[in-house]
Amino acid sequence: MATLLSSSSLIFSSSNSSPSLSPTLSLSSSLSKSCSFSSSLSISPSFLTFSTSTKRLSFSTTLSVKAQKKKVLIVNTNSGGHAVIGFYFAKQLLGSGHEVTILTVGEENSDKMKKPPFSRFSVEIFWFFFFFFGVFDVWCVDFSGNPEIFQEITSSGGKTVWGDPAEVEKVVAGAAFDVVLDNNGKDFDSVRPVVDWAKSSGVEQFLFISSAGIYKPTDEPPHVEGDIVKADAGHVGVETYISQVFSSWAVFRPQYMIGSGNNKDCEEWFFDRIVRDRPVPIPGSGMQLTNIAHVRDLSSMLTLAVESPAAARGNIFNCVSDRAVTLDGMAKFCALAAGRPITIVHYDPKAVGIDAKKAFPFRNMHFYAEPRAAKDILGWQGTTNLPEDLKERFEEYVKIGRDKKPMKFEIDDKILESLKVHVTV
């Protein structure tokens, strides 16, 4: 489905569902500082802005029509926290009826592919039919190590391939695509082959996962689209090149994220200490603000760009949640999700003599962005609810047995010793 709108709302049947397949039409009017009128029967929305010398009147229409189905290639990294973005994006696109191919960097039989989210891309599925007490039931079991009662990428019609993005044409065997998302490269040399191939093969829209980490530190947070970025950051050169090659392009700058299949510790770092009744050491005051989004919000933003290419065209989007959280707040939410008490201790990394980057999963500073462009341009709305989402994450944490896994906390011990905080083993 595509939703054509100039307001910041979308029509969903639930926070995690795809847009309704039933055509709907709604009309609303409101007074605002800007005046925009959006009305279109085409797949992509068109926007016309006008004003008068008197008060500005804003009309908005929301029209849902059947969207053109796209063929999408996702070039996905095989490491780091961004890998899970491609997985969720693929699932949402497939759920909306698009065709999806995931090109994952590396080899299919590598050790990395045995871990989530990669193990959920292409799995061995067996169907069992049961007849219990007059009830006929069907179960789908994945014997690659991930039991699932739901179909995921390949069982939902998606395709998976592995290889070197520099040889993308060879890897995809000459297949044609409407849209390409590069969720792999962090510098010009790694992304350019994909961009050049996409342009030469007739791809209409190019999307790129950049990073909110390229913003320069500011005394006036949050970071918003248009803020100054670090000129020497590798992502910046990629963003510039894409904008020069493609007329229809969009860049997404994520921050920290949570979600099933994420292979980079975020909430797990807190759970590891909380379930073992250890103090949670947080650098600084603990009042530093950051942004942590559920990855489903990132994928929904990307999907809107695919289904509304005219609106997304030529824009940069902070791909983040619409709420900030303090470092202490994140620790407390994790304890609440685990149903356990928590002891937070604060420390000065320099005084202790440790590298805060190795001791803590987040930056020891105010670091958060806001998704203003996505709300204003795409009509995107976030659904991240950390207190509730972390409960689901803790359930999975326990399910995989990480709460019982033997662990060492050598850096923590050094911090706690310097603070003269006793730890009961």
Side-chain angles (χ1 to χ4, degrees), residues 8-10 12-17 81-82 84-85 87-88 91-92 116-117 150 212 221-223 254-301 318-346 360-372 374-375 380-403:
S8 60
S9 63
L10 287 174
F12 287 94
S13 58
S14 69
S15 60
N16 296 323
S17 65
H82 286 189
V84 72
I85 297 176
F87 173 68
Y88 273 78
K91 286 180 64 176
Q92 184 156 359
F150 55 91
H223 296 298
Q255 217 176 304
Y256 302 120
M257 67 200 75
I258 63 173
S260 178
N262 193 357
N263 59 13
K264 184 175 182 179
D265 281 0
C266 178
E267 66 277 15
E268 295 89 349
W269 187 92
F270 297 93
F271 291 151
D272 286 343
R273 289 149 180 81
I274 292 168
V275 300
R276 293 169 178 81
D277 296 319
R278 292 184 60 92
V280 177
I282 296 180
S285 68
M287 294 306 293
Q288 304 95 309
L289 291 167
T290 192
N291 190 302
I292 303 170
H294 194 290
V295 68
R296 66 170 177 267
D297 279 350
L298 281 60
S299 66
S300 69
M301 192 182 297
N318 286 337
C319 203
V320 296
S321 167
D322 53 5
R323 294 288 297 271
V325 63
T326 65
L327 300 184
D328 275 7
M330 179 61 177
K332 292 174 183 177
F333 285 149
C334 286
L336 184 65
R340 303 287 290 270
I342 184 173
T343 299
I344 298 174
V345 296
H346 299 112
F360 192 67
F362 304 127
R363 299 189 185 197
N364 181 24
M365 58 185 291
H366 288 307
F367 173 49
Y368 77 104
E370 283 189 353
R372 296 185 184 180
K375 286 187 169 185
W380 174 87
Q381 288 188 334
T383 64
T384 297
N385 183 330
L386 283 179
E388 292 301 317
D389 291 333
L390 287 170
K391 291 179 183 178
E392 177 185 328
R393 299 299 305 122
F394 184 71
E395 289 178 2
E396 185 167 332
Y397 175 88
V398 173
K399 182 179 180 181
I400 64 175
R402 181 159 167 167
D403 60 323

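This chain uses plain numbering: 1 for the first residue, then up along the sequence.
Listed here is the closest heavy atom pair of Q255 and A212: CG-CB, 4.2 Å. Between A331 and I344, the shortest heavy-atom contact is CB-CD1, 4.0 Å. Between S300 and W380, the shortest heavy-atom distance links the atoms OG-NE1, 3.0 Å. Between P281 and P279, the closest heavy-atom pair is CD-O, 3.2 Å. Across every non-hydrogen atom of C266 and I292, the tightest pair is SG-CG2, 4.2 Å. Scanning all heavy atoms of the two residues, the minimum distance from L298 to A293 falls at CD1-CB, 3.7 Å.
Under the 6.0 Å distance and 45° angle rule, K91 counts as a cation-pi partner of Y88.
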Could you please spell out the steps behind the side chain to side chain contact (heavy atoms under 4.5 Å, CB included) verdict for H346 and D328?
-> CA-CA 10 Å; H346 299 112; D328 275 7; 2.9 Å; yes

Evaluate side chain to side chain contact (heavy atoms under 4.5 Å, CB included) for K264 paired with V84, printing each intermediate quantity in order.
-> CA-CA 9 Å; K264 184 175 182 179; V84 72; over 6 Å; no

Going through the checks in order, is the ring-ring contact (aromatic ring centres under 6.0 Å, His included) test met by F367 and F362?
-> CA-CA 9 Å; F367 173 49; F362 304 127; 9.7 Å; no

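Under the 4.5 Å side-chain criterion, counting only non-hydrogen atoms from C-beta, Q92 is not in contact with R296. Considering only heavy atoms from C-beta on, R363 comes within 4.5 Å of Y256 through its side chain. Using a 4.5 Å heavy-atom cutoff, the side chains of S260 and R393 are in contact. Side-chain atoms of V295 and F87, non-hydrogen and from C-beta on, never get closer than 4.5 Å to each other.
For the atom pair OG of S299 and CE of M257, the computed distance is 11.0 Å after rounding to the nearest 0.5 Å. Rounding to the nearest 0.5 Å gives a distance of 8.0 Å between CZ of F270 and CD1 of I342. We find the CG-CD1 distance between D265 and I258 to be 13.0 Å, quoted to the nearest 0.5 Å. Interatomic distance, CD of E395 versus CD1 of I400, reported as 13.0 Å (0.5 Å rounding). With rounding to the nearest 0.5 Å, the separation of OG in S321 from CG in N385 is 9.5 Å. Rounded to the nearest 0.5 angstrom, E268 CD and D403 CG are separated by 12.5 Å.
The backbone N or O of F333 lies less than 3.5 Å from no partner atom in the side chain of E267, so there is not a single donor-acceptor pair. For the pair Q288 (side chain) and G286 (backbone), a donor-acceptor distance under 3.5 Å is present. Side chain of R402 to main chain of F271: no donor-acceptor pair is present (N/O by atom type, distance under 3.5 Å, no hydrogens or angles). When atom types are taken as modelled, the side chain of N291 and the backbone of A369 share a donor-acceptor pair closer than 3.5 angstrom.
Remark: the E370 side chain and the N318 side chain contain no N/O donor-acceptor pair separated by less than 3.5 Å.
Sparse packing is recorded around CE of M287, with 12 or fewer heavy atoms of other residues, nucleotides or ligands lying under 6.0 Å away. Environment of CZ in R340: crowded, with over 12 heavy atoms of neighbouring residues, nucleotides or ligands closer than 6.0 Å.
Here E396 does not pair with K399 in a salt bridge; the nearest charged N to carboxylate O distance is not below 4.0 Å.
With V325 as reference, T290 is the one residue of T384, T290, L289 to meet the side chain to side chain contact (heavy atoms under 4.5 Å, CB included) rule.
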